[in-house]
Amino acid sequence: MNYEEELKRLNEYQREAVLDESDACIVNANVGSGKTTVLISKILYLHHAKNVSYRNMIVLTFTNKAANEIKERLTGADSGVQAEDLEGFGTFHSVALHFLKNRLPVEKMGYTRDFLVIEPEEELDIALHIIQEEKLSIKYKNRLKKRLEQAMAVRTEEQMKPGYKDDLFRLVQLLREEKIRQNKMSFLDLLQNVNDLLDDSGTEPKWIIIDEVQDSDSLQLDFIDKLKRDGTRLFAVGDPNQVIYSWRGSTLNVVYALKHKYAARELSLPVNYRSSSSILEAARCFLQNGGSLTGVREPGSKIVVKNQYNPFNEACYLADKIQELHSAGVPYKEIAIFYRLQNQSQIFEDVFQKNGIPYEVSLKKTIRDIPVLNWVIKLLRFSVNPNDLSSGIYVLSNQDYGERIREKEAAKLVRGQSEKQSGLLADMQEFAARCAGIQSVDELYDYFGFDRYIKPTAATYREDKESIRTLLDIIIAYGKEKQMTFLEGLTDFLNSSALYGVNILQKDISSSTDSVKLMTLHASKGLEFSHVFITGVNYGLIPLQTKGMEEEEEERRLFFVGITRAKDYLELSYYTNPEHYRAMAGESRYIRMIPPRLIRDDAVRTTEVSLQELKKQIQAARAEGEKAEAGSGNPEAGNRMMENQETKNQETKNQEAIQRENIRRVSHKKYGIGTVLREDEMMIEAEFENYGMKEFMKAFSELEYL
DNA sequence: ACATGTTAAATTTTT
DNA sequence: TTTAACATGT
C-alpha cells in the first residue's frame with residue numbers, strides 16, 4: 001500500500017524511528033514533532049514490510065480521542081483493515097476490559113463474564129450505602145471521593161498515609177467485596193484485575209506500541225510489563241517535557257525507567273513544525289529535560305504581554321480583540337483562551353455571551369454536577385427500589401429540594417418508624433404500583449408534582465424545571481428505544497452506565513465548530529491554535545503556589561505546554577487586581593523568564609474601559625442576585641434587629657448627625673455601616689466602627705448608600 | 001438542639 | 001481569603 005510514500009514524507013529523525021530494529025525503543029518526541037505520524041507509519045511499516053499482523057500488536061493510548069484518531073488514520077491509510085483486527089488497539093482501560101471479557105479467568109476472582117464497568121459516582125454511591133449499613137465512622141464525607149481514590153490505590157493498611165482516625169480502610173475492603181458481589185468493576189479494578197490475572201494467560205503479542213508513555217502510572221507500567229514476554233518488542237513515544245499529570249499518579253521519569261528496564265534504545269524527534277520561531281524560543285526557556293528543540297518556521301510576530309486591571313476588564317478587552325481578529329479573517333476556531341483554574345472561565349463566558357461571540361468551554365459536567373438532577377436521580381432510584389434507603393433519606397433531607405426535613409427524621413420516616421406523614425415518601429413508595437400508565441414527560445412530571453419541591457424563589461428555578469424535563473425526556477426516549485415497558489426502561493436507565501455518559505449540557509468541545517475555545521492549561525494538551533491567549537499569568541496563579549520543587553517543575557511544564565499550543569500569535573496577560581485569594585498583583589516570574597527582545601510590552605488601557613459601564617453591569621448583576629435571595633429571608637436584617645439598645649441609641653444619634661451635617665452613610669457586606677469620609681469619581685473612602693478607614697474603588701465595591 | 005471556637009483545605013482530570 | 005466540617009460548650 002502507500003506506506004512507502006508515507007516514509008518518503010518523513011524527516012530523517014522520524015524515518016529512523018519507524019525503521020528502527022531494536023527490541024525496545026523509546027522515542028523522545030518534542031512538541032509538535034509529528035509523534036502521531038511516526039506512530040501510524042510504524043504500525044503500517046510493521047504490517048506491510050515486516051508482515052506483523054495487526055492482531056499481534058497491542059497499541060495503547062490514554063484517551064479515547066487518541067485511540068480513535070489512530071484507528072481512523074489507520075483505516076484511512078489501509079482499506080484492508082477490519083474492525084476485529086484492531087481489538088488490541090485502544091486505551092489501557094479498554095484493552096484491559098477486552099482481556100478480562102474474552103481471555104482471562106475472571107471467575108477466579110469471584111466475577112462472572114458479564115460483569116459491569118461502573119463510573120466513580122456509582123462506586124461512591126455503593127460506598128455511602130456501606131457506610132450506612134455498617135455504621136462506619138468516616139470523617140469528611142464530602143471529600144470521600146478523593147479520599148477513597150487515594151486509599152483504593154493501596155493494598156495494605158500500612159501503606160496508607162497517616163490520615164484521619166476513622167474506618168476508611170475497612171470501607172475500602174468492604175467496598176471491594178461488595179463490588180464482587182454486585183459483579184461490578186471500577187476503572188481502577190480493570191487494571192488491577194487484569195494485572196493479577198495476566199500471569200497465567202497465554203497471550204503473547206509480537207509488538208506493544210504506546211502513545212504518550214510519559215503519562216503512565218505504576219499500574220499501567222505493570223500492565224505493559226505483564227504483557228511483554230521474551231519475544232515481545234516495544235515501541236513507545238512520549239515527551240518528558242509534557243508531564244503535567246504526575247499529581248494524578250503518573251510516574252516521573254517513565255522514559256528513563258523504561259529505557260533501563262528493557263535496555264531500550266532512545267531516539268528523538270527534535271523538529272517542531274508548529275510554532276513560529278519566536279514562540280519556540282520562548283518555549284525553550286521552560287525546557288527542563290535537556291533535548292534540543294529546533295524549529296523550521298519564520299520568527300513571526302512578537303509575544304505580547306499585557307497588564308490588565310482585573311478579569312472583567314480583560315474579558316471586555318478580549319471580546320473586542322477577538323471581534324477585530326475575526327473581521328481580519330481569523331476564524332473563531334483558531335483562537336483559544338487558556339487559564340489555570342476552571343472557575344476562571346465564568347467571566348469570559350458571561351462577557352462573550354453578551355457580545356455574541358461564539359465560544360465553547362471544555363468542562364466535563366455529568367448529571368450529578370447539577371444539584372437538582374442529582375436529587376431527581378436519587379428520587380427515581382428510591383422509587384424503583386424502596387430498599388435503597390440511603391437514596392430515600394437523601395431525597396427527604398436535602399435542604400434545597402423536596403420536603404427539607406432533618407436527616408434523623410427522614411431516616412425514621414423511610415424506615416416506617418415515624419408517625420409523621422410525607423406525601424413525597426408515599427409517592428415514591430407507591431411508584432412501582434402506580435406508574436404503569438405513564439407515557440409522557442408531563443405524566444411523569446405530574447406524578448411527583450416536582451413544582452412543589454423546587455423553591456420558586458431560587459435563582460435556579462426556571463433552569464431546574466427545564467433540567468428535570470430534559471432528563472425525564474431522555475429517560476422516556478431511552479425506554480421507548482429499547483422497547484421496554486416504562487418501569488423496565490427506567491430501571492435499566494438508572495442501572496446502566498449510559499446514565500453518566502448522557503450529556504445534558506452538551507458542552508463537549510469540538511474542533512470542527514467555529515467558536516473560540518476556553519479551557520484550562522491542562523485541557524489544552526494535544527491541541528493547537530493559530531492565536532493563543534494565556535490569561536492570569538500572575539504571581540501565585542501561574543505557577544500556582546506550590547509546596548515543593550517537583551510541583552513547581554510541573555507548573556513550569558504546564559506553562560510550556562500552554563505556550564507551545566500557539567502557532568502564530570501568543571499573548572500573555574496578568575492582572576493588577578486578580579480577585580483570587582491565591583493570586584497576587586503583578587506579573588509571574590515566568591514572564592520574566594522570557595527574553596525581553598521576544599516581547600512586545602503593551603501598556604495597560606484600563607481607563608479606556610468605561611468605569612460607568614462597569615458599575616452599571618455590576619449593579620445589574622447584584623440586583624439579580626438579590627432577587628434570588630428575596631423571599632428566602634435576609635439573615636442580615638435579622639441580625640440587625642438583635643442589636644442591643646445601646647447601639648440603637650447610637651444609631652439614632654448618628655441619624656441626627658447625618659441630617660445636621662449632611663454626612664453620607666454606606667453599608668458594606670463585611671464591615672457593616674460606615675461613614676463616608678471622602679469621595680470622588682472613582683474612589684470612595686469610608687470609616688467603619690470596628691474596622692477603621694477603608695478605601696474602595698466605586699466600580700467594584702459592593703457598597704450601598706443609606 | 002443550637003451557638004461559638006478551631007482547624008484544614010482549597011487546583012489540574014482520564015478511564 | 002473563605003468555607004465547611006469538626007469540636008466543644010451552653
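Letters go in sequence order (proteins before strands), and every chain restarts at 1.
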(request) Can you tell me the distance, in whole Å, between the CG atom of A/L188 and the P atom of B/dT14? (result) 17 Å

Could you pull out the protein-nucleic contacts involving nucleotides 11-13 of chain B (nitrogen or oxygen on both sides, under 3.5 Å)?
from, atom 1, to, atom 2, distance (Å)
B/dT11, O2, A/R340, NH2, 3.4
B/dT12, OP1, A/Q342, N, 2.6
B/dT12, O4', A/R340, NH2, 3.1
B/dT12, O2, A/W247, NE1, 3.3
B/dT12, O2, A/R340, NH2, 3.0
B/dT12, O2, A/H522, NE2, 3.4
B/dT13, OP1, A/Q342, NE2, 3.3
B/dT13, OP1, A/T520, OG1, 2.7
B/dT13, OP2, A/Q342, NE2, 2.7

(message) Rounding to an integer number of Å, can you tell me how far A/L124 CG sits from B/dT15 P?
(response) 20 Å

(request) Return the set of residues passing side-chain hydrogen bond (donor to acceptor under 3.5 Å, both in side chains) with A/Y590 (not counting sequence neighbours), or none when no residue passes. (result) A/E552

(request) Please say whether the positively charged group of A/K101, taken as NZ for Lys or CZ for Arg, lies over the ring of A/F115, i.e. under 6.0 angstrom from the six-membered ring centre and within 45 degrees of the axis. (result) yes

(request) Please report, rounded to the nearest Å, how far the C1' atom of B/dT14 is from the CG atom of A/L190. (result) 13 Å

(request) Send over the distance from A/E579 CD to C/dT2 P, rounded to a whole Å. (result) 12 Å

(message) Tell me every residue that passes side chain to side chain contact (heavy atoms under 4.5 Å, CB included) with A/H522, counting only those two or more places apart in sequence or in another chain.
(response) A/I244, A/Y245, A/W247, A/R340, A/T520, A/L558

(message) Once you apply a heavy-atom cut-off of 4.0 Å, does A/D215 come out as touching a base, just sugar-phosphate, or nothing?
(response) nothing

(message) Tell me the interatomic distance from A/D211, atom CG, to B/dT14, atom P, rounded to whole angstroms.
(response) 16 Å

(message) Is there a side-chain contact between A/N64 and the phosphate of B/dT15, meaning an N or O under 4.0 Å from OP1 or OP2?
(response) yes

(message) Applying salt bridge (charged side-chain N to carboxylate O under 4.0 Å, His left out), can you list everything that pairs with A/K35, at least two apart in sequence or on another chain?
(response) A/D211, A/E212

(request) Write down the distance separating the P atoms in C/dT3 and B/dT13, rounded off to the nearest Å. (result) 23 Å

(message) Let me confirm one number: the CZ-CG distance from A/F223 to A/L198, rounded to the nearest 0.5 Å.
(response) 6.0 Å

(request) Round to the nearest Å and state the distance from A/E212 atom CD to B/dT15 atom C1'. (result) 15 Å

(message) Please report the distance, rounded to the nearest Å, between CG in A/L541 and P in B/dA10.
(response) 17 Å

(request) Would you please name every residue forming a side chain to side chain contact (heavy atoms under 4.5 Å, CB included) with A/K71, sequence neighbours left out? (result) A/L86, A/F89

(message) List the residues meeting side-chain hydrogen bond (donor to acceptor under 3.5 Å, both in side chains) with A/N183, not counting sequence neighbours, and say none if there are none.
(response) A/T112, A/D114

(request) Measure from CD on A/E123 to P on B/dT15 and round the result to the nearest Å. (result) 17 Å

